[in-house]
Structure formats: C-alpha cells, structure tokens
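Here the structure is laid out as structure tokens; the discussion comes afterwards.
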Amino acid sequence: MSQPTPLPLSGPMLGQALRAGARGAVHRSLADRYFMALAVSLCGYAIFGKGFAYLGLAPLYIGEILLGLGVLVLLFSGCLLGTLTNLTNLLLTALCLWVVIRMVPFIGIHGIDALRDSVLVLYGAFAFVACGLLLQRPSRLPLTLGLFGTFALIYGAYGWVPYALAQIPQLVPAWPGSGLPLVLLRPGEVAVHLAGTTVFALLFFRRVNWLWLLLLLVAIGLTAGQSRGGMLAIALPVGCAILVSGKTLDALKALGVALVLVGAASSLAGGLEIGSSSRGLSLEQIMLNALSIFKDTSEAGLDGTKMWRLRWWQDILGYTVHGQHFWTGKGFGISLAESDGYQGTIVPGTPILRSPHNAHLTILARAGVPGIVLWVAMLVSWFAMMASSMLLARRRGEQGWFRLFLFLACYLTSILVNASFDVALEGPMLGIWFWVLLGLGSGSSMIYRAQSVGGPPPMPRRILQRRPANRDGLKQPN
C-alpha cells in the first residue's frame, strides 16, 4: 500500500498522522482536493437536496462526476486492494457484481433508465473511495470529524430554513436554462441530517447554546409532523445513542422542552401547515404519525398510503420469494410501479413513480433473492464490525473511538430507516451520504484495529468536547 501511511500501522505512526491531521496539515494532493470537494458536495446535497443534484449537464451531473473522479483517485492511491481486506467491502463487491449482471441485459431495452436504477447499489463505489481515502492518510479522520462538527453547528440551527423555503416555490430561484428549482428537499432527507446532527452533538459537543437547541427542536418537530419515516429516522438512532452513551438525563430535559414548544405551537397556531402539505407542526399530527405506523387512525392520508405500500410490498414478496423471479428479480430499467400495477393516476408535471418506497424491497424486486441476501449480509457485517469496535474501544477506555463508531452506526441507521419508507438510496441526495458513511465506518475500524493504543486527538475546542485523560480515560497517540 502506498505511502505516506501504509497498513499495518504502528501506534507511533498512527499517532503522528493523527496529530498532523488535527493541526490541519492537509497536503494539496489530488486526493486531498477530492476529499474536500466530496465534503462540500455532501453539504450541498444536505442543504439544497435534489436541486444540488441537478448541478452539471445531463447525463453527467455532480454525483456521476464525483463518482468517476473518486474511482480514479482510489486507483491512483494504491489502496484499492487494502479496502478488499474488509468483509463488508468483499460482500459489497459481490453485490455490485450481481447488480451489474442483472443490469447489463436491460441497457439495450431501457437505456439510461437501467443505469439510473442500478445506482441504488453501484453508488457503493463511494464506500470504497471513502475507505481508501482514510487508509491512504488516517489524518483525514479527525479532519472529517472537525468538518462535520462545523456542519452540525450550522445545520442544527438553520437546516430547517431551506426546507421551509422549498415549500414556497415562488421564493426559490431556478437553475438557468432548465427551470428546475435550486432547492428541492423532502422531509425525510432533512430528518436524517437532523438525526446525525443530534447524535453528534450528544456525543461530542461540550455544551450547546439554548437558542441552538431551540432551533434544532423546532426543525425536528417540523419534519416529524411532515413524515412518518422522517420521525422514525430521528427517534430510533437518537434513542439508541442516548441509551448506549448514558445521556438519558440530558435527553429528558431536551424532550421536555420539545413537548412544551410543540404544544405551544399547536395551541397558538392550531398546527402550523407547511406549503401545500396537509400535515402541520402540531403535537396531534406527530402522535397520529406515530400511531399510524402500528394501527389504523381513520386518517385517509395516513392509512391510505400505508395500505398502498403494504399491498405493493406483499406483491413483491409474492413474485420473488414465492414466485418466478426468485433468482433474477425483474431487472433494472423497468418501472416497477407500472409493471406491478401501482402507477396510479399520473399527474402532469410530477415525476413518474418507479420504486416501492422501500430500498430493501426495491433490491429484492430488481435483483431477486440473491441480491437481497447479499445486501442484508453486507449490512449485518458492517453493523457487527461497528459493534465489535465499540465494545473494544469501551473495554480499552478509549471514549473518542467509542463515540465515533456509535455516531457512524446511528447516522447510517437513520438513513436506512428513512429508506424503508421513502425513495432515498435510489437518488444521490441520501444515496451518496449512505455509502460515504459506510466507507468511513469500514476505514475507521480498519485503522483502529491496526494500532494497539491511542485515539483521535482532541478536536477543535470551540466545537467539540474536551477529552482530558484523567476524566475520560483517553490515551493520546504516542
């Protein structure tokens, strides 16, 4: 593996690299420039959503450009073979190969649609790129945390602003020449990043300003009222982080503030409605969203969409697990909604439905049982790797590493939860985030296990929690 930091790493070698990263020593190499471009692009997807995804010229938009450049960077880094020493990445390789096998025969039939549908899995190349960037230079790991710390500070306070503006099309400028909106966000996408921001603040921030917390809770209430998937995408990973990290008391205080705020909004405004949506910011709406997951609520908008999804998902199980498409699925390029009879009425000006609002069942429908088995095996291996690394870090008393692995696991969980209720991984807005986080987790775990002691150096003190050895039990790199 190429210099400057080959694997396996000794403790002193890793410590020197990490200390260099903490001082901001970023060499202006091609890989470093790509690393920063990827970080900026991820922020663009989070803030502008699908509007940012339109950056570029068809068929080469920003996501495809980043993917192509990332593969080149990985090839020249000399770390490609190193990424394949990880079980998760081996399973991902097998999954990508199977998807290519099932996609190629349909290119002649469906053209670009076959390629577009396959990015659900083939964006997995970003996982190899992210993992390879960390293996090539571990100093990028604390730099990544520092960058996300800045992102969390900004997004936690103002992440709701572009989403609220996107609900009023008259206020959103359009891309020149195309007429497409510059900002186009869905509540589930915003909810995922709010979950990541909340977990990061819970695990790493020294303290939070009450105004920042107030704005964060307003944003969470807004997305929870607009989307059931978004509500779960926040509640499940944040709840897991609270339980595992032992921050229950702090969470209860914040929950109390949130209930008061949402209750006040309900009583003063009768539920603040956003744009043309029938769901508003109210305690009643959030409770209805939660109840509708488990039982009927007599709300046509909630129960109707739930039954529509359940019937479609049952049909997919029927023609794959129990039917003629067991081994192959229906392939890539075909519109599953039209093929399965769930297209419904097409409203002019709205996108044509293609996928069943569940990434797992989309993989099953398109790649058959072999595809879903590889997908589940890959996810299980990654989460097992995160859990194993967390337990090892806790046993060693290395709280910085423990929090890092917990943060990555919770963030990825949030995306998976949202992808179980919405078309999420099929597009670059959350798809690229998902695969980059998965690659960061794999690379971080490989770096951690390659050195015997130590942890990431202190992050910038204005952002992250102080970590003195006599209080947190952390060992600084030698």
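These values consider heavy atoms only, across backbone and side chains, with no hydrogens, waters or symmetry-generated copies.
No donor-acceptor distance shorter than 3.5 angstrom exists from the side chain of Asp422 to the backbone of His357, with no hydrogens or angles considered. In this structure, the side chain of Trp435 does not engage the main chain of Ala125 through any donor-acceptor pair within 3.5 Å. For Arg116 (side chain) and Gly111 (main-chain N/O), no donor-acceptor pair under 3.5 Å exists by modelled atom type. Side chain of Thr83 to main chain of Leu80: a donor-acceptor pair is present (N/O by atom type, distance under 3.5 Å, no hydrogens or angles). Proximity of a side-chain donor or acceptor of Glu426 to a complementary backbone N or O of Ala424 within less than 3.5 Å is detected. Trp98 places a side-chain N or O within donor-acceptor distance of the main-chain N or O of Ala367, the cut-off being under 3.5 Å. Between the side chain of Thr328 and the backbone N or O of His325 there is no donor-acceptor pair closer than 3.5 Å. The backbone N or O of Ala233 lies less than 3.5 Å from a partner atom in the side chain of Ser414, making a donor-acceptor pair.
Closest heavy-atom contact between Ala46 and Leu185: O-CD2, 3.7 Å. Between Ile109 and Pro105 the shortest heavy-atom distance is CD1-O, 4.1 Å. Nearest approach of Gly124 to Leu92, heavy atoms of both residues: O-CD2, 3.6 Å. Between Lys50 and Met429, the closest heavy-atom pair is N-CG, 3.6 Å. Of all non-hydrogen atoms in Pro138 and Ile447, the two that sit nearest each other are CB-CD1, 3.9 Å. The minimum heavy-atom distance between Ser355 and Val423, with the atom names listed, is O-CG2, 4.3 Å.
Counting heavy atoms from C-beta outward, Ile234 and Thr198 have side chains that stay 4.5 Å or more apart. When side chains are defined from C-beta on, Leu438 counts as touching Met378, because their heavy atoms get closer than 4.5 Å. The shortest side-chain heavy-atom distance between Ile62 and Tyr45 falls under the 4.5 Å cut-off. You'll find the side chain of Phe434 reaches within 4.5 Å of the side chain of Leu416, heavy atoms only. Between Val100 and Leu122 the shortest side-chain heavy-atom distance falls below 4.5 Å. When side chains are defined from C-beta on, His110 does not count as touching Ser335, because their heavy atoms never get closer than 4.5 Å. Contact check for Asp117 versus Arg366: side-chain heavy atoms found under the 4.5 Å cut-off. In this structure, the side chains of Asn86 and Met446 come closer than 4.5 Å at one or more pairs of heavy atoms.
To the nearest 0.5 Å, the span separating NE2 on His193 from CG on Asn418 amounts to 9.5 Å. The distance from atom CG of Leu202 to atom CZ of Arg403, rounded to the nearest 0.5 Å, is 10.0 Å. Atom CG of Leu74 is separated from atom CG of Leu69 by 12.5 Å, given to the nearest 0.5 angstrom. Taken from CD1 in Ile432 to OG in Ser41, the straight-line distance is 8.0 Å, to the nearest 0.5 Å. For the atom pair SG (Cys79) and CZ (Arg137), the distance works out to 10.0 Å, reported to the nearest 0.5 Å. Note: Lys330 NZ to Ile334 CD1 = 6.0 Å, rounded to the nearest 0.5 Å.
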task: Run the numbers on Thr223 and Met231 for side chain to side chain contact (heavy atoms under 4.5 Å, CB included), then give the verdict.
output: CA-CA 7 Å; Thr223 53; Met231 179 185 63; over 6 Å; no
message: For a side chain to side chain contact (heavy atoms under 4.5 Å, CB included) check, start with the C-alpha distance between Asp315 and Asp340, then their side-chain angles and the critical distance, and finish with the verdict.
response: CA-CA 8 Å; Asp315 287 350; Asp340 297 347; 5.6 Å; no
task: Output, in order, the C-alpha distance, side-chain angles, deciding distance and verdict of side chain to side chain contact (heavy atoms under 4.5 Å, CB included) for Thr413 and Cys240.
output: CA-CA 10 Å; Thr413 297; Cys240 178; over 6 Å; no
message: Under the criterion side chain to side chain contact (heavy atoms under 4.5 Å, CB included), I'd like the reasoning laid out for Leu133 against Phe128: C-alpha separation, chi angles, the key distance, then a yes or no.
response: CA-CA 8 Å; Leu133 287 172; Phe128 294 103; over 6 Å; no
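Between the side chains of Glu398 and Tyr448, at least one donor N or O lies within less than 3.5 Å of an accepting N or O. Inspection of the Ser442 and Thr88 side chains reveals no N or O donor paired with an N or O acceptor under 3.5 Å. Asn358 and Trp313 form no side-chain donor-acceptor contact under 3.5 Å, judged by distance and modelled atom types alone. Side-chain N/O atoms of Ser388 and Arg449 include a donor and acceptor closer than 3.5 Å.
The aromatic rings of Tyr123 and Phe126 sit tilted, their planes meeting at an angle between 30° and 60°. The aromatic rings of Trp433 and Phe151 lie tilted to each other, with the angle between the two planes from 30° to 60°. Taking the six-membered ring where the residue is Trp, Phe200 and Phe407 present perpendicular rings, their angle passing 60° and hence far from 30°.
Heavy-atom neighbours of Phe326 CZ from other residues, nucleotides or ligands within 6.0 Å: above the threshold of 12. Atom CH2 of Trp160 sits in a sparse spot, with 12 or fewer heavy atoms from other residues, nucleotides or ligands closer than 6.0 Å.
Taking the six-membered ring wherever Trp is involved, the centroid distance between the rings of Tyr34 and Phe76 does not fall below 6.0 Å. Ring to ring, Phe332 and Phe106 are not that close: their centroids are 6.0 angstrom or more apart.
Of the residues listed (Phe204, Tyr155, Tyr411), the one engaging Phe148 in a side chain to side chain contact (heavy atoms under 4.5 Å, CB included) is Tyr411, and it is the only one.
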